[in-house]
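The structure under discussion appears below in the form of structure tokens.
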Amino acid sequence: MGARLRYLLSEVFVGLRRNLLMTVATIVTVTVSLALLGAGLLVQQQVNLARDLFYAEVEVSIWLDDGISEAQRISLEDDLRENPEVSDLIYVSKDDAYEEAQELFEGQDEVLASIEPDFLPASFRVSLHDPERYLVVESQYAGFPGVADISDQREVLDRFFTVMDAFRNGAVAVAVLQLVAAAALISNTIRMTAFARREQIGIMKLVGATNWYVRLPFVLEGMFAGVIGALLASGLLFLGMQTLIGRLREQIVFIPFIGTAEVLTVTPILIAIGAGLAAIASFVSLRRFLSV
Amino acid sequence: MLGSSESGAPARRATFPTWCRAAVIRLDNVSKTYKNGAVALSNIDLDIAKGEFVFLVGASGSGKSTFIKLLIKDEDPDVGEIWVGGKRLSRLRSWRVPTLRRDLGCVFQDFKLLPNKTVFENVAFALEVIGRPRAAIERTVPEVLELVGLGHKHEAYPHQLSGGEQQRVSIARAFVNRPRILLCDEPTGNLDPTTSVGIMKLLDRINRTGTTVVMATHDQHIVDSMRRRVVELEDGALVRDQTRGVYGYGS
């Protein structure tokens, strides 16, 4: 095994050195593509983190007409209580709403001055078993007598999440294109190396080396570029996360942010993709040379 | 009957016909036409027994090289069956081809040595790539280099050697794994007559160890002086098979 290992390492090293420029180009491409992919994955995690937190606390507010009759209000409340979608229900009267506003804007006298006791409408605050089913609830009560408006806090959040999703999709799309380019570069590098060593490959085949023995140095050479690229990409992500999130964390206190742990969970994924892609690219580009 | 006993490899081996034990190479009605339409071999039937020395003669393009390519399963015949060392090549899976080639030594006109490796490393390479342990390599390579008469040139590089010496290295590499069969494609094609005689003496010595030697050649003088079995190909057809034959072609 010693001789075999020494052979393997020297072949990989010689191959990498011979195509130094191509190897650098390959590693840079792999790094950029995997960093983009990783950024996409991290954005996804960030969105999930925020979404979970917000959606869990999201309530639907059913705003009532000022002219709603007591009978209509009770019939609406009964209907809501029997609704299987509804997990919790609070009635907020005009007075309650006024009190809440007083608390919410305590110290801000100008705002408080503008709020008359009669200004805020009464409402039902409804928590749902499954916040995703907001639209179902909305359609059920939109035409209910005495209901003025139905609003979901998610509408605001969704706008934010749509932007984040778009960013993620863009990052992943560019990453995929870059990965294709990286695979082509790896394949080309390996092909050049194999062409330079075609005599040697021919002799190896002739004396009965197995295909795997011939292939392994090339595949490892490709995987080396893939793994180095993935590690560099992870480093970039860590630095980017530190600077960006660090700044955001100071300014926006109410959102939980991803941290080092998330970068660490993304790293093995990037390594696996980088190494796997490189291995496949090398493997495929060698087929022609192995049919000796 | 053969079909019914083909469920397992050992059973198949047991059903080998008796001639298999004597013939180390057998071609049964073998034909090969290349994609461009060139007929390389047509309807070849040939048995070569263990320990034989066979010259394969014929003009350029008569099918000699194709013959050797078929034996190492570099090419497959369109029709017919080939057995080499007890292996039926049409049944040999591609991943098993290396085991066939470890049983065959190959020598070519152009030596096919690696220029950046020394004599020792070139020969050792053949053992390294089939996973032989270092200790075995250190033991067998000097032995075989001694056998081919290059015991004193371990550290030389191919470009520092004469053509005859390079061919000796190539033979050493082909023989270091002690194959049962040595296939030589024009081994003296690039060498002067005196050097060629030395190479033939070496091949003869290897043949005397029990190794079957099949040698494609153009060299009339060598064939006539050795008086071994001669198989002649003409446009892909076997036209002559003579024990203790002469070159014949063109004379």
Side-chain angles (χ1 to χ4, degrees), chain A residues 1-20 22-23 189-223 279-280 282-292, chain B residues 68-69 71-76 84-85 87 92-108 110-117 121-138 141 158 169-170 172-179 181-183 185:
Chain A
M1 279 324 271
R4 203 175 257 225
L5 193 66
R6 195 145 25 111
Y7 157 79
L8 206 57
L9 290 178
S10 79
E11 289 298 292
V12 170
F13 181 69
V14 166
L16 288 171
R17 202 180 44 182
R18 187 169 358 212
N19 297 320
L20 191 62
M22 281 300 286
T23 307
T189 311
I190 295 300
R191 212 168 280 182
M192 278 167 62
T193 316
F195 185 76
R197 287 192 230 150
R198 64 193 180 285
E199 280 189 337
Q200 188 179 329
I201 293 175
I203 292 166
M204 289 168 87
K205 296 286 295 172
L206 204 59
V207 299
T210 60
N211 277 350
W212 265 113
Y213 192 87
V214 179
R215 208 180 268 145
L216 205 55
F218 296 99
V219 172
L220 285 183
E221 188 182 322
M223 285 174 78
I280 293 169
S282 313
F283 189 92
V284 170
S285 61
L286 276 177
R287 282 213 307 230
R288 189 158 53 91
F289 288 94
L290 284 174
S291 58
V292 175
Chain B
I68 285 179
K69 280 181 182 166
L71 294 185
I72 63 175
K73 204 168 159 69
D74 191 9
E75 298 280 353
D76 288 316
V84 174
K87 293 185 176 74
L92 198 65
R93 299 286 182 83
S94 61
W95 64 272
R96 296 272 295 168
V97 169
T99 64
L100 167 73
R101 300 209 176 144
R102 287 173 196 195
D103 214 12
L104 296 168
C106 287
V107 179
F108 296 93
D110 57 357
F111 320 135
K112 292 194 193 295
L113 300 176
L114 293 169
N116 57 343
K117 288 187 188 291
E121 287 165 349
N122 261 288
V123 177
F125 184 67
L127 295 177
E128 282 165 10
V129 301
I130 62 172
R132 287 293 149 88
R134 195 74 214 166
I137 294 173
E138 301 281 0
V141 174
V169 179
S170 158
R173 184 182 63 198
F175 191 60
V176 68
N177 196 32
R178 306 287 156 159
I181 304 162
L182 196 63
L183 302 174
D185 196 358

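All chains are named by letter (A, B, ...) in the order of the sequence lines, taking the proteins before the strands, and each is independently numbered beginning at 1.
Considering all non-hydrogen atoms of both residues, B:F125 and A:Q200 come closest at CZ-CG, 3.6 Å. Shortest non-hydrogen contact noted between B:P98 and A:A209 is CG-O, 3.7 Å. Taking every heavy atom of both residues into account, A:E199 and B:L114 meet most closely at C-CD2, 4.4 Å.
Taking B:K69 as the reference, nothing meets the salt bridge (charged side-chain N to carboxylate O under 4.0 Å, His left out) condition, with sequence neighbours excluded. For the salt bridge (charged side-chain N to carboxylate O under 4.0 Å, His left out) test, residues two or more places apart in sequence or in another chain that qualify with B:D103 are B:R180.
Between the CE atom of A:M204 and the CD1 atom of B:I130 there is a distance of 11.5 Å, given to the nearest 0.5 Å. From B:R102, atom CZ reaches atom OG1 of A:T210 across 6.5 Å, with rounding to the nearest 0.5 Å.
Tested against B:V129 for a side chain to side chain contact (heavy atoms under 4.5 Å, CB included), the candidates A:I203, A:V207, A:L206 yield a single pass: A:V207.
At a 4.5 Å heavy-atom cutoff, the contact between B:P115 and chain A is made by side-chain atoms alone.
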